[in-house]
Novice: 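I'd like to ask you about the structure that follows.
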Amino acid sequence: MKILPIGHVSLSQAVAGRLSGSVLDGSIKAGEQLPSERELIQQLDISRATLREALKAMEENGLIEARAGVGWFACKLDADNLAAARDLAGAYRQLGAEKTPPGGETPSGPHRLPASSEKPLHVPNLQTDRLGTFEFISWWEKDKVRDANVMVVGAGALGNEVIKNLALMGIGHLFIVDFDTVEAANLSRSVLFREGDTKRSKAQVVASRARSLNPHVHVQYLDGDVTTQLGLGIIRRMDAVIGCLDNREARLALNRFCYWMNKPWVDGAIQELLGLVRTFVPGRGACFECTLTEQARRDLSLRYSCPLLARQNILLGKVPTTPTIASIIGGMQAQEALKLIHGMPVEAGKVVHFNGLTNEMHTSAYVPREDCESHWVYGEVIELPARASRTTLSEMLRLVRQDLGSDAVIELDQELILSLTCPSCHTREEVLRPLEAVTFEAGHCPSCGLLREIELTHEIRGDETFLERTLSSVGVPPLHILRARNSSEFRFYELTGDLSETLHFRHFENPEAVSAIPLRERISLGEAVEPDEGDKGPAAGRIVLHDEKTAPDESVP
Ligand SMILES: [Zn+2]
Ligand SMILES: [Zn+2]
């Protein structure tokens with residue numbers, strides 16, 4: 001290759017810049033090994049000392065990492081190292097060119113936006129291009145926005161604002177989760193709801209309205225509960241998650257799921273004229289659970305000591321809000337997601353408080369807790385052609401044991417009620433349903449009326465009497481990632497057979513479907529689903545571990 005004149009940039013900086021450029025444009029992918037030092041020295045026609053210096057600069061900026069005895073590997077680009085990669089690559093591109101662009105004063109300071117020097121100059125046609133205005137924003141990357149997958153959990157006042165903004169900005173793929181229905185009182189503060197929407201599923205209504213705001217956006221909704229009905233494989237395929245929730249239990253669940261899947265999430269909360277926004281990034285500062293006070297922790301464990309009552313309580317305690325505070329906080333949340341999509345810096349583990357009475361805004365940092373139970377990022381996910389509604393517990397256990405050994409057990413994410421026993425008349429009822437599918441009322445003895453004792457489990461060990469039941473009948477959602485362990489390690493298995501039906505972003509693609517939203521059909525997860533005739537028995541040959549079409553290492557786009 002030909003090395004350009006050096007000017008004010010040293011040779012090692014130029015080499016670092018050239019390699020950073022390859023990481024940025026994807027010709028060296030995250031996790032990929034760089035060519036050997038010997039090959040690089042030959043290709044770049046430089047000395048070993050220069051190469052070492054360049055690699056050291058890249059390592060210090062978190063762009064590559066050394067693996068002892070193997071070589072150098074490219075790191076994943078994230079908010080931390082992206083700006084450095086661009087700076088290094090920019091220095092290389094500017095070799096021989098002017099130091100500062102004419103008339104250009106680069107903003108400086110800690111909040112400088114990453115300058116995307118690679119953005120080509122393009123003059124949009126504002127008559128025909130609905131997203132044309134954004135082209136004038138120096139850092140806006142059209143392709144990243146169009147390709148982004150963003151999940152919004154909660155479609156109330158905040159969720160309405162967030163989804164409105166995401167759709168207007170052309171965020172390409174929206175996945176919306178809510179289990180509630182629209183009621184008249186929601187109409188005063190939810191921009192996407194209409195008079196005739198009452199009793200309809202909130203998730204479904206906002207999904208259809210997002211499509212009508214911007215038909216280029218692909219939407220999907222889940223009329224279900226984020227704590228129990230959302231497969232982790234969906235979160236695994238998101239770029240950012242936005243929580244528009246009104247209770248601590250759902251936030252805690254979402255926080256754990258995002259941490260496990262190593263995904264950033266943006267929490268928002270509003271009450272009267274007050275609001276807050278906070279972005280949590282696994283491994284960077286505090287997570288949501290770290291922010292809970294001792295009292296809050298105690299409250300949660302009290303609730304969990306009566307599991308049937310816990311869910312009921314979540315539905316109480318609604319707080320009064322206004323559409324104005326929802327716009328302010330929802331706007332900030334959508335903006336944080338936009339920054340995450342662009343790989344721009346976000347203030348992870350910090351909270352922005354907005355006081356609408358005094359118009360004061362202040363930011364403070366939370367202290368991460370060393371012993372926080374949420375801090376766990378799942379390892380490699382093994383993709384299996386299994387499906388929640390078809391695969392039985394015994395089939396799943398067989399697959400897991402082929403991989404992890406005969407002592408492996410499956411850990412369920414939600415408690416399974418095995419039986420209810422009356423403390424007075426001692427009658428025992430076999431239940432075999434996930435905790436969330438049984439109401440507080442149903443927990444009482446039909447003859448004495450007393451609250452019955454619950455026998456729960458969250459482990460499948462292989463000696464159960466109900467192993468021929470399907471995964472979904474014990475509350476495992478489609479495209480979930482199951483956790484299994486033997487005495488020494490955990491491994492993670494995705495029900496990838498569910499992928500095409502469970503994550504498609506194709507709701508309301510048919511224009512007629514937008515106008516005719518059917519009334520809500522309740523998802524009856526956890527109903528005692530008897531395996532149908534064809535599902536009985538070991539179903540030999542239906543599921544093969546490490547199937548050729550779904551190799552475990554292959555990531556599904
Ligand atoms: Zn934490
Ligand atoms: Zn009884």
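Remember, predicted model here, so these are calculated numbers, not experimental data. As the structure lists them, so they are numbered: ligands from 1, and atoms in each ligand from 1. The basis for the numbers below is simple: all heavy atoms, side chains too, and nothing from hydrogens, waters or symmetry mates.
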Novice: Is the number of heavy atoms from other residues, nucleotides or ligands under 6.0 Å of Glu370 CD greater than 12?
Specialist: no

Novice: Report, rounded to 10°, the angle at the Zn ion (ligand 2) between the two atoms SG (Cys445) and SG (Cys448).
Specialist: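 Here the angle at the metal atom is close to 110°, to 10°.
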
Novice: Quick check on the Zn ion (ligand 2): does His426 put an N/O/S atom closer than 2.8 Å to it?
Specialist: no

Novice: Hey, what's the angle at the Zn ion (ligand 1) spanning SG (Cys290) and SG (Cys287), nearest 10 degrees?
Specialist: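 Rounding to the nearest 10 degrees gives 120°.
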
Novice: Does the Lys NZ or Arg CZ of Arg67 fall within the cation-pi geometry relative to Phe73 - under 6.0 Å from the ring centre and within 45° of the axis?
Specialist: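 Yes, cation above the ring, under 6.0 Å and within 45°.
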
Novice: So Phe280 and Trp265, would you call those rings parallel, tilted or perpendicular, with 30° and 60° as cut-offs?
Specialist: tilted

Novice: Side-chain donor-acceptor pair under 3.5 Å between Thr322 and Arg189, yes or no?
Specialist: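 No, no side-chain donor-acceptor contact under 3.5 Å.
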
Novice: With the Zn ion (ligand 1) as the point of reference, which N/O/S atom of His375 is the closest?
Specialist: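 This residue's closest N, O or S atom turns out to be NE2.
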
